[in-house]
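All values reported here derive from a predicted model rather than from experimental measurement. Residue numbers start at 1 and run along the sequence shown.
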Amino acid sequence: MNQTYLLEWLDLLVTFTLNPSKTNVNAITAVQSKAIVEKTLEQTLFIQSQFKIKIFSLNKEKQIKIIVGNYHSSLIIFLDNVIERSHNVEFERPDLKEVINMLISCFDELLSFIETRFPNYLTLDMRVPATYLVVSKKKLKQKIDKLKSSAIFTVNDKRSTAILFDNLYSFVNSKRNKKITFRQVLYRKQLIKELELLGFLDRADLQSSSLNEILIYMNFNSRSFISYFTQCVADKINCCESPTDKMENLLLCFKEFNQIHSKDGVILNPNHQDLKIILSDWFKHEMIYLEKKLHFSVVPLRSIDKKPNQTAVIDATSDKVLCKLSIDQTALILRASDELKILIAKSMNHVFKTIVPFLSTPNKVNLSYDSMRSKSYVAEDRDKKIVIETLERMIKQIKEY
């Protein structure tokens, strides 16, 4: 099976049967043309089925990469030849024109099949041949037109919809084809496929955030979308009056953002950072800014003429419980206790507000509950490790009781 050349019939058809320099194309009858069309349709399905069997029978990645690359290259060459032949006088006959159109459709479908199923085995940064790009853009534009007229996008935010379609139309309508790579074409195909899935949702299930979630999932790192998304979050946060409420809403938005998955190996613009990294950094910088505002507003500077002494320190800590964990580590334990409902309160904010004022650490007497709560969302791996080791020691101690 591995040695079988699945494109043999199509290869002979393009190289000899429909090659005016080697065959008298005018001798092909209308009945034969119809038979070729039917056979081409059968071959399209047959090749896809047998190609999967061929690939899955191989064990070595290198062998798979070679076969996928060879078939992909061969199909592009066939497509180029057929498109070039379509301009010949011989193929102006209606039945032969139908044959040419069927072959173009066949090669396009087989190329899409390989690019969708086995993208990891393709050299995606190679420049796309001009004829293949023309066919791909034409098909993409048809799908984009259909998507834009769909009612599903009336439910989503108009601004993010406009950003999306501006980008897609800019790609398919661009005349600068010299630098277009397979990665750029494949990304649009995958993005459109994800957008088409929205059509299978009930209108009641569609939310204004559905499109944004898909764009984040597909690593749509467009500067316009980044600016729009961060502005939406900022507007939502700025509706709150107090810094505490702003921090609460920002943490909630950050939590919702982190719960959105991202697809591996895809990116709109490979020359820019991943969308998740850019937006995560923005969230963290905003939290640091708000945390500083909270600190300055909640913990005012003491009068410089009052010098604390040892007695004052003892009085300040006499009602507090000294916790040997750091602020970040204590924050993780309180957050986990709230989310697992070990500590039950009306909100996580209430848990921190109630408990933290009665705690101190070896390095700090007066702790800010807002600051500690915000740190629970941006914990470092080292702090996580220390907390886990501490809990394991507690488990061991409890087992000895």
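Taking the centre and axis of the six-membered ring of F254, the NZ or CZ atom of K284 falls outside the cone set by 45° and 6.0 Å. A cation-pi arrangement is absent between K141 and Y169, since the terminal nitrogen or guanidinium carbon is not both under 6.0 Å from the aromatic centre and inside a 45° cone about the axis.
The aromatic rings of F182 and H72 sit perpendicular to each other, their planes meeting at more than 60°, with 30° as the lower class boundary.
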Side chain to side chain contact (heavy atoms under 4.5 Å, CB included) assessment of R85 paired with F91: CA-CA 7 Å; R85 304 260 175 82; F91 294 97; 3.9 Å; yes
Criterion side chain to side chain contact (heavy atoms under 4.5 Å, CB included) on L343 and I355, from CA distance to verdict: CA-CA 11 Å; L343 297 176; I355 296 175; 3.8 Å; yes
Criterion side chain to side chain contact (heavy atoms under 4.5 Å, CB included) on L275 and F229, from CA distance to verdict: CA-CA 11 Å; L275 180 63; F229 182 86; over 6 Å; no
Step-by-step side chain to side chain contact (heavy atoms under 4.5 Å, CB included) determination, L250 to M287: CA-CA 7 Å; L250 182 60; M287 283 189 284; 3.5 Å; yes
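Contact check for M372 versus L334: side-chain heavy atoms found under the 4.5 Å cut-off. Residues W282 and V233 meet the side-chain proximity criterion, which asks for heavy atoms closer than 4.5 Å. Taking 4.5 Å as the limit, some side-chain heavy atom of L103 sits within range of a side-chain heavy atom of L13. Side-chain contact check for L191 versus L164: some heavy-atom pair is nearer than 4.5 Å. Contact annotation: the side chain of F220 approaches that of N167 to within less than 4.5 Å [non-hydrogen atoms, C-beta and beyond]. No side-chain heavy atom of P270 sits less than 4.5 Å from a side-chain heavy atom of Q184. Residues L290 and E286 fail the side-chain proximity criterion, which asks for heavy atoms closer than 4.5 Å. Using a 4.5 Å heavy-atom threshold, the side chains of L6 and K54 count as touching.
Annotation: the span from L58 atom CG to I67 atom CD1 amounts to 4.5 Å, rounded to 0.5 Å. To the nearest 0.5 angstrom, F352 atom CZ is 6.0 Å from M348 atom CE. Atoms CG and CD1, on L7 and I47 in that order, are 5.0 Å from each other to the nearest 0.5 Å. A distance of 5.0 Å separates CD1 in I237 from CG in N249, rounded to the nearest 0.5 Å. One distance of note links OG1 of T17 with CG of N24; it measures 12.5 Å at 0.5 Å rounding. A distance of 9.5 Å separates CG in L332 from CG in L325, rounded to the nearest 0.5 Å.
With a 6.0 Å radius and a threshold of 12 heavy atoms from other residues, nucleotides or ligands, Q190 has its CD atom above the threshold. More than 12 heavy atoms of other residues, nucleotides or ligands shown are found within 6.0 angstrom of CD on E339. For Q259, the CD atom is densely surrounded, since the number of other residues' heavy atoms within 6.0 Å is greater than 12. No more than 12 heavy atoms of other residues, nucleotides or ligands lie within 6.0 Å of CG in D264, so this atom counts as exposed by the packing criterion.
A donor-acceptor distance shorter than 3.5 angstrom exists from the side chain of S222 to the backbone of S224, with no hydrogens or angles considered. Remark: the backbone N or O of I277 is not paired with any side-chain donor or acceptor of S280 at under 3.5 angstrom. With hydrogens and angles ignored, the 3.5 Å screen pairs no side-chain donor or acceptor of S105 with any backbone N or O of N101. The closest donor-acceptor contact from the side chain of S371 to the backbone of L367 lies at 3.5 Å or more, if one exists at all. With hydrogens and angles disregarded, a donor-acceptor distance shorter than 3.5 Å links the side chain of Q48 to the backbone of T44. Remark: side-chain polar atoms of T123 are not paired, donor with acceptor, to backbone N or O of M126 under 3.5 angstrom. Looking at K143, its side chain never comes within 3.5 Å of a backbone N or O of E196 through a donor-acceptor pair. A donor-acceptor distance shorter than 3.5 angstrom exists from the side chain of N221 to the backbone of N269, with no hydrogens or angles considered. Judged by distance alone, the side chain of Y187 and the main-chain N or O of M218 form a donor-acceptor pair under 3.5 Å.
Heavy atoms only, all atoms of each residue included: T230 and S227 are closest at OG1-O, 3.1 Å. In terms of heavy atoms, I55 sits closest to V68 at CD1-CG2, 3.8 Å. Closest heavy-atom contact between V172 and K137: O-CD, 3.5 Å. For the residue pair V365 and S360, the shortest heavy atom distance occurs at O-CB, 3.5 Å. Considering every non-hydrogen atom in both R183 and G265, the closest pair reads NH1-O, 4.2 Å. Nearest heavy atoms, K65 versus Y121: CG-O, 3.6 Å.
Listed by chain and residue number, F78 satisfy the ring pair (Phe, Tyr, Trp, His ring centres under 6.0 Å) test with F107 (two or more places apart in sequence, or in another chain). Scanning for ring pair (Phe, Tyr, Trp, His ring centres under 6.0 Å) contacts around F113 gives an empty result, with sequence neighbours left out. Under the ring pair (Phe, Tyr, Trp, His ring centres under 6.0 Å) criterion, F51 pairs with Y71, F118, not counting sequence neighbours.
Under the 3.5 Å distance criterion, with hydrogens and angles disregarded, a donor-acceptor pair is assigned to the side chains of N19 and S21. Side chains of D274 and N219: a donor on one and an acceptor on the other come within 3.5 Å.
Applying the salt bridge (Lys or Arg N to Asp or Glu O under 4.0 Å) test to residues at least two apart or on different chains, the pairs with a partner in residues 107-120 are D108-K139, E115-K189.
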Using atom types as modelled, flag every donor-acceptor pair under 3.5 Å from a side chain in residues 385-397 to any protein atom, sequence neighbours excluded.
| from | atom 1 | to | atom 2 | distance (Å) |
| --- | --- | --- | --- | --- |
| T390 | OG1 | I386 | O | 2.8 |

Would you list the atom pairs, donor with acceptor, under 3.5 Å between side chains in residues 32-40 and any protein atom, with sequence neighbours excluded?
| from | atom 1 | to | atom 2 | distance (Å) |
| --- | --- | --- | --- | --- |
| Q32 | OE1 | T29 | N | 2.9 |
| Q32 | OE1 | T29 | OG1 | 3.4 |
| S33 | OG | T29 | O | 3.1 |
| S33 | OG | D95 | OD2 | 2.8 |
| T40 | OG1 | I36 | O | 2.7 |

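Salt-bridge check for E248 with R373: passed, with a basic side-chain N closer than 4.0 Å to an acidic carboxylate O.
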